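See below for the structure under consideration.
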There are 2 protein chains.
Amino acid sequence: MQPTQFYKCLSDETRLRCLLLIKAEQELCVCELMQALDESQPKISRHLAQLRNCELLTDRRQGQWVFYSINPELPPWALNVLTETLNSNPAFIEDDKLRLQKMGDRPERTRLCCI
Amino acid sequence: MQPTQFYKCLSDETRLRCLLLIKAEQELCVCELMQALDESQPKISRHLAQLRNCELLTDRRQGQWVFYSINPELPPWALNVLTETLNSNPAFIEDDKLRLQKMGDRPERTRLCCI
DNA sequence: TTAGTATATATGAAAATTCATATATATAAA
DNA sequence: TTTATATATATGAATTTTCATATATACTAA
């Protein structure tokens, strides 16, 4: 993970909001992110694709939905940067979290592991 | 300090090399950074101005030289990000450090505080 | 089962915007 | 005057956004 490439990913507001929201919520699908950020579908999808290509995110398809989460193989220093940013800037995704909570009919997750 | 603005500053290779090198060396002037990064004067100067405007760096003039250092009022989370990045990616500024060490006639600092 | 339709996501192509760099010039100190 | 640094302008390059469309899965009714 090149530092410059990593920070380029964090330097766009849409991408950073997606990343921090996904980190806070474990995993989110495209339609949830559209609602939370109040942005268009292609815009969200494109930025997620970029974050996946740069290996900051991984995705899994579950039926019609594609869920994105933080890549578990992200280097520790990069994960620490995300953690520090999220913990110290809760206001940055405050509105997004509220819109997400207000969203009805959120897709159900099939848990990857159970009880 | 807006996270997005902060990360935009770190997303350019020239700026990130300047920042991490200044962090490693406490303070550096434009001509030292030119030598260390092997880049043109206006290019270095312009990026330093941007980092100063965004309040990541502060400057002090000492005679003919202007020395740049990390802004002591940088929020702790942002400073932690820089520290983590520097500690975990020593190779990123390795060559720059070597060129700096090879540089003869480096400007003398008047210490801000002594003993 | 199949046909038709709806929903979720991805992507090609173009337009709009932003960013980085080089050149030239200006300012400040010694 | 020389050295060190800053800044204005022009230009090319990269990035972001939008629109239109494609693909993949799901649902419903015959």
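Not measured: the values here are computed from a predicted model. In the text below, chain A, chain B and the rest are named by the order of the sequence lines, each starting its count at 1.
Rounded to an integer number of Å, the gap from CG of B/Leu37 to P of C/dA20 is 15 Å. Rounded to a whole Å, the CD atom of A/Gln35 is 11 Å from the P atom of C/dT9. Atom CG in A/Asp59 sits roughly 17 Å away from atom P in C/dA8 (whole-Å rounding). Summarising the geometry, the separation between CG on A/Leu33 and C1' on C/dA8 is reported as 13 Å, rounded to the nearest angstrom. As a whole-Å value, the separation of A/Glu108 CD from C/dT7 P is 18 Å. Distance, A/Glu39 CD to D/dC19 P: 13 Å, rounded to whole Å. In this structure, CD1 of A/Ile44 is placed 10 Å from P of D/dT17, rounded to the nearest angstrom. Distance A/Arg61 CZ to C/dA8 P: 12 Å, rounded to the nearest Å.
Not one side-chain nitrogen or oxygen of B/Tyr68 sits closer than 4.0 Å to the OP1 or OP2 atom of D/dA4. Between D/dT17 and A/His47, a contact under 4.0 Å exists linking OP1 or OP2 to a side-chain N or O. OP1 or OP2 of D/dT16 has at least one side-chain nitrogen or oxygen of A/Gln50 nearer than 4.0 Å.
Comment: B/Glu32 engages B/Arg109 in a salt bridge, judged by a side-chain N to carboxylate O separation of less than 4.0 angstrom.
Looking at A/Gln64, its side chain has no donor and acceptor atom pair within 3.5 Å of the base of D/dA24. In this model, a side-chain donor or acceptor of A/Gln41 finds a partner on the base of C/dA10 within 3.5 Å.
The SG atom of B/Cys29 lies 11.0 Å from the CZ atom of B/Arg61; values are rounded to the nearest 0.5 Å. To the nearest 0.5 angstrom, B/Gln41 atom CD is 12.0 Å from B/Arg46 atom CZ. Atoms CD and CD1, from B/Glu25 and B/Ile93 in turn, are 7.5 Å apart once rounded to the nearest 0.5 Å.
Rounded to 10 degrees, the angle between the two end axes of the helix from C/dT1-D/dA30 to C/dA30-D/dT1 is 30°, with five pairs used at each end.
Using a 4.5 Å cut-off on side-chain heavy atoms (C-beta onward), B/Leu33 and B/Asp96 make no contact. Contact annotation: the side chain of A/Lys23 approaches that of A/Thr83 to within less than 4.5 Å [non-hydrogen atoms, C-beta and beyond].
Nearest to the side chain of B/Lys43, among C/dT9, D/dT7, C/dA22, sits C/dA22.
Nearest-nucleotide positions on DNA chain D for A/Lys8 and A/Ser40 put A/Lys8 closer to the 5' end.
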Using a cut-off of under 3.5 Å, enumerate the N/O to N/O pairs linking the protein to nucleotides 13-15 of chain C.
{"from": "C/dA13", "atom 1": "N6", "to": "A/Arg46", "atom 2": "NH1", "distance (Å)": "3.4"}

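Side chain of A/Gln2 to main chain of B/Phe92: no donor-acceptor pair is present (N/O by atom type, distance under 3.5 Å, no hydrogens or angles). In this structure, B/Asn71 contributes its side chain and B/Glu55 its backbone to a donor-acceptor pair below 3.5 Å. One N or O on the side chain of A/Ser11 and one on the backbone of A/Lys8 form a donor-acceptor pair closer than 3.5 Å.
Residues of residues 9-17 of chain B having a heavy atom closer than 4.0 Å to DNA chain D: none are found.
Using a 30° and 60° split on the angle between ring planes, A/Trp77 and A/Phe6 fall in the perpendicular class, above 60°.
Residues B/Ala78 and B/Leu74 approach most closely at CB-CG, 3.8 Å, considering heavy atoms.
Within 4.0 Å (heavy atoms only), B/Pro42 reaches at least one base atom of the nucleic acid.
Side-chain heavy atoms closer than 4.5 Å link hydrophobic residues (I, L, V, M, F, W, Y) into clusters, and following such links, possibly through other members, connects B/Leu79 to B/Leu56.
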